[in-house]
Amino acid sequence: LLTAGLSFWIIRTYISPADFKPVSLSAREQATLDSKLRVLGVNPRDLLPNAKREDRVDAVDENGRLIPEKYEEDPSKRELHISERELNAIVASNPEVASRLAIDLSDNLASAKLLIPVDPDFPVMAGKTLRVNAGLELAYRDEQPVVKLRGVSIMGVPLPNAWLGNLKNVDLVNEFGTGPGFWNSFAAGVELVEVEEGQLHIKLKE
């Protein structure tokens, strides 16, 4: 019985894992997430077109034209608290990855679990599903964000650092943020990054 139970666990965990259940937010939760996405300059209806929302439109006059509105900046809106549930709801907006990718947030660590189906014609594990796990350290130290790849494992086996381009435990911002490009712009626009159990906290600069 013990052997059979262990074999079943290995098959369900690594060889033929079950698909993840996509996260679906309520209309109220979606409204909160939409407001956070707008702060990041993302149109929530473009990113999450099929999300459950209350029927709301921008204020219009009797002719159906948008009513002008004075632009104002609210400093408090530069601080974003995005939950693990909200991140997984964003992932679930893509039907191709909705049941194949799940994100976990813990102290200073963002982890991703991915299920990759193997092509039936592939010579090894044809038709099976590979389980891939990855960890990314996210923090803020010495007045700049810290982004480090903790590692990647396939079927529970950690990949060698050489296979990851020797990027394991390398601070990507410090390594690639000195010149022009994404990491430089990212660091210049972020005042704080914190990850704790179930929550991602980002504070943007002016």
Side-chain angles (χ1 to χ4, degrees), residues 20 22-23 25 29-30 32-44 46-48 73-94 97-98 100-116 130-206:
F20 307 135
V23 172
L25 301 180
E29 290 173 322
Q30 187 61 49
T32 301
L33 177 57
D34 286 353
S35 65
K36 296 176 182 179
L37 293 174
R38 290 190 190 97
V39 173
L40 295 173
V42 177
N43 186 328
D46 289 341
L47 180 64
L48 307 169
E73 286 193 2
D74 184 353
S76 65
K77 291 186 177 181
R78 293 195 183 97
E79 289 198 48
L80 301 177
H81 293 268
I82 303 177
S83 70
E84 178 182 302
R85 179 174 168 79
E86 289 171 331
L87 282 176
N88 282 297
I90 293 174
V91 170
S93 66
N94 187 329
V97 300
R100 300 288 180 177
L101 176 64
I103 297 174
D104 176 83
L105 299 177
S106 56
D107 292 344
N108 296 327
L109 184 67
S111 304
K113 185 163 52 177
L114 179 64
L115 301 180
I116 302 177
L130 290 179
R131 183 182 181 128
V132 180
N133 293 75
L136 193 69
E137 179 183 349
L138 295 174
Y140 196 87
R141 291 191 287 268
D142 299 326
E143 299 186 349
Q144 75 171 18
V146 174
V147 181
K148 292 183 181 180
L149 178 64
R150 284 279 189 88
V152 178
S153 64
I154 296 180
M155 309 293 282
V157 179
L159 296 183
N161 191 23
W163 291 9
L164 301 175
N166 292 314
L167 292 178
K168 189 173 180 179
N169 295 319
V170 172
D171 185 351
L172 301 179
V173 174
N174 188 56
E175 185 76 11
F176 303 109
T178 54
F182 169 77
W183 292 112
N184 180 275
S185 300
F186 172 75
V190 174
E191 187 173 330
L192 180 67
V193 176
E194 289 180 334
V195 181
E196 54 188 20
E197 190 65 38
Q199 285 284 337
L200 170 63
H201 177 204
I202 301 176
K203 185 176 181 181
L204 305 178
K205 293 182 180 178
E206 294 187 14

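These figures come from a predicted structure and were not determined experimentally.
Listed by first and then second residue, the salt bridge (charged side-chain N to carboxylate O under 4.0 Å, His left out) pairs that reach into residues 138-166 are Glu137-Arg141, Glu137-Arg150, sequence neighbours excluded. The list of salt bridge (charged side-chain N to carboxylate O under 4.0 Å, His left out) pairs with a residue in residues 175-189, not counting sequence neighbours, is empty.
Shortest non-hydrogen contact noted between Ser153 and Gly156 is CB-C, 4.2 Å. Of all the heavy atoms in Val152 and Ala134, the pair that sits closest is CG2-CB, 4.0 Å. Taking all atoms of both residues into account, the shortest heavy-atom contact from Ser106 to Val195 is O-CG1, 3.0 Å. Contact record, Leu37 with Pro44: CD1-CB, 3.9 Å, taken as the closest heavy-atom pair.
With rounding to the nearest 0.5 Å, the separation of NE2 in His81 from CD1 in Ile202 is 10.5 Å. Note that CG of Leu80 and NZ of Lys203 are 11.5 Å apart. Values are rounded to the nearest 0.5 Å. Within the model, atoms NZ of Lys113 and CZ of Arg100 stand 13.5 Å from one another, a figure rounded to the nearest 0.5 Å.
By the salt bridge (Lys or Arg N to Asp or Glu O under 4.0 Å) test, Lys168 pairs with no residue at all, sequence neighbours left out. Ser111 meets the side-chain contact (heavy atoms from CB on, under 4.5 Å) test with Asp104, Leu109; sequence neighbours excluded. Remark: Gln199 pairs with no residue by the side chain to side chain donor-acceptor pair (under 3.5 Å) rule, at least two apart or across chains. Scanning for salt bridge (Lys or Arg N to Asp or Glu O under 4.0 Å) contacts around Glu194 gives an empty result, with sequence neighbours left out. Ile116 pairs by the side-chain contact (heavy atoms from CB on, under 4.5 Å) definition with Leu114, Leu130, Val132, not counting sequence neighbours. For Asp34, the salt bridge (Lys or Arg N to Asp or Glu O under 4.0 Å) criterion is met by Arg53, not counting sequence neighbours. Applying the salt bridge (Lys or Arg N to Asp or Glu O under 4.0 Å) rule to Glu86 yields the partners Lys36; only residues at least two apart in sequence or on another chain are considered. Every residue two or more places apart in sequence or in another chain that forms a side chain to side chain donor-acceptor pair (under 3.5 Å) with Arg78 is listed here: Glu73. Not counting sequence neighbours, the partners of Ile103 by the side-chain contact (heavy atoms from CB on, under 4.5 Å) test are Leu87, Asn88, Val91, Leu105.
Heavy atoms from other residues, nucleotides or ligands lying under 6.0 Å from CD of Glu206 number 12 at most.
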Worksheet item: Are Val147 and Leu138 close enough, and set up right, to give a side-chain contact (heavy atoms from CB on, under 4.5 Å), and what steps lead you there?
Response: CA-CA 5 Å; Val147 181; Leu138 295 174; 3.8 Å; yes
Practice prompt. Evaluate the side-chain contact (heavy atoms from CB on, under 4.5 Å) criterion for residues Leu172 and Leu149: first the C-alpha distance (whole Å), next the side-chain angles of each, then the deciding distance (0.1 Å), finally the verdict.
Written response: CA-CA 8 Å; Leu172 301 179; Leu149 178 64; 5.5 Å; no
Practice prompt. Begin from the C-alpha positions of Leu33 and Ile90 and carry the test side-chain contact (heavy atoms from CB on, under 4.5 Å) through to its verdict.
Written response: CA-CA 9 Å; Leu33 177 57; Ile90 293 174; 4.0 Å; yes
Practice prompt. Please lay out, stage by stage, how Leu115 and Arg131 fare under the test side-chain contact (heavy atoms from CB on, under 4.5 Å).
Written response: CA-CA 5 Å; Leu115 301 180; Arg131 183 182 181 128; 4.1 Å; yes
Identify every side-chain donor-acceptor pair in residues 176-190 under 3.5 Å, counting partners at least two apart or on other chains, and give the distances.
residue: Asn184; atom: ND2; partner: Gly177; partner atom: O; Å: 2.9
residue: Ser185; atom: OG; partner: Gly181; partner atom: O; Å: 3.1

